[in-house]
Amino acid sequence: MPVLIKPESFDPASLQKAHEASMSAGDFGATASFTGTMRNFNEGDDVTGMMLEHYPGMTEKELEAVISDARSKWDIQDALIVHRVGDISPGEPIVLTVVWSAHRAAAFDACRFLMEALKSRAPFWKKETLKDGSHRWVEKNTPGYS
Amino acid sequence: MPVLIKPESFDPASLQKAHEASMSAGDFGATASFTGTMRNFNEGDDVTGMMLEHYPGMTEKELEAVISDARSKWDIQDALIVHRVGDISPGEPIVLTVVWSAHRAAAFDACRFLMEALKSRAPFWKKETLKDGSHRWVEKNTPGYS
Amino acid sequence: MTIRVKFFASLREQITDPKTEVDGALVKTISDVWKQATDHPMPPHVLCSVNLEHKDATEPVNDGDEVAFFPPITGG
Amino acid sequence: MTIRVKFFASLREQITDPKTEVDGALVKTISDVWKQATDHPMPPHVLCSVNLEHKDATEPVNDGDEVAFFPPITGG
């Protein structure tokens, strides 16, 4: 199962290792991994909590399509996407993308592609709780390339 | 200590977590991580073992310079480089580079930069043991960008 | 037959009392579904899906489809 | 005073019986150090360092320096 939607807090390192256990060590030479973590600040404001809404069914479908696009673009061994949903606290992981491949170029490219593609295609929405108790929907993502 | 030279096998996930424990959760939003693992094949041949030679003193100095270059190029929170030396077996990690930052673009860019820079500057050399017991020095690295 | 309609995130909060089903005989496109489901005008950056696939608002719908409307995606 | 000389990896195996120290008075550049340390001609892709810093073979050396020669780097 290369796509996981998690309603509870998850440990990126454990999930990456668990998935890797199903693979044969020595078959891959490169592992690129990205973890997005909830910050306690955004656009200049202190953020105390967040709710991640998603579209069950469509979300999984889009994430699987993102992985299959990556597989068609790069020579990769395996990939994993984990995404949190529901109420989350600062410091907790939101998203994990991992790519395993023979050589590092494909792992780096594909891991970054997974992140950019899921941020544009997979139906998730963030609602922040600010320090004063007010809520706001995040309106757009930060740019993926500087 | 953002640079570690390891004469024994290491667990990338544990070292990444250990370093992260020194940071304040919620301060960073992005973690990009790369692990290079010893494969059991290279250039069409079965490889049964590898010896990683390095230049003690210069190696650490170059790795620290690589991190400080990354810090001057990108707005990053922290970085970690771990590199194995000595005799290693297929499936064991060779190198780990991790970058923590507020936003993902800097983490992705800087993590990849650490790998490319260390592969061109940090004095390490690989000697492979092939299936028939013969040895050969690896002559050049695979390209970092496809 | 009917077309099911869903609204997500900020749109779900903004659209008061939308229909969750519209009559398939009354609509040809996704835009038509919006007009049948709510009196609100469609905001400029709304995204649409039909049967869990991203679609433009001009695309056709069929009886039995599930149509969803949502704001720009902000996951990851 | 002397200049210490080191060879690494495949170079260390190829250069038979190199000097580990050369007389600082006899050398001006890194290339000179190579010629004093061994009878082998310098291979085309050799990298050099002085006091743990990458240098070109044409650069000067001083008494007390540590000079190293090594093949292209293959770590990571």
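Within every chain, numbering begins at 1; the chains are lettered A, B, ... in the order of the sequence lines, protein sequences first and strands thereafter.
Below 4.5 Å, heavy atoms of chain B meet heavy atoms from Ala25(A), Gly26(A), Asp27(A), Phe28(A), Gly29(A), Ala30(A), Thr31(A), Ala32(A), Ser33(A), Phe34(A), Thr35(A), Gly36(A), Thr37(A), Met38(A), Arg39(A), Asn40(A), Phe41(A), all part of residues 23-42 of chain A.
For Asp75(B), the CG atom counts as loosely surrounded, since its 6.0 Å shell holds 12 or fewer non-hydrogen atoms of other residues, nucleotides or ligands.
Expressed to the nearest 0.5 Å, how far CZ of Arg112(A) lies from CZ of Arg112(B) amounts to 8.5 Å.
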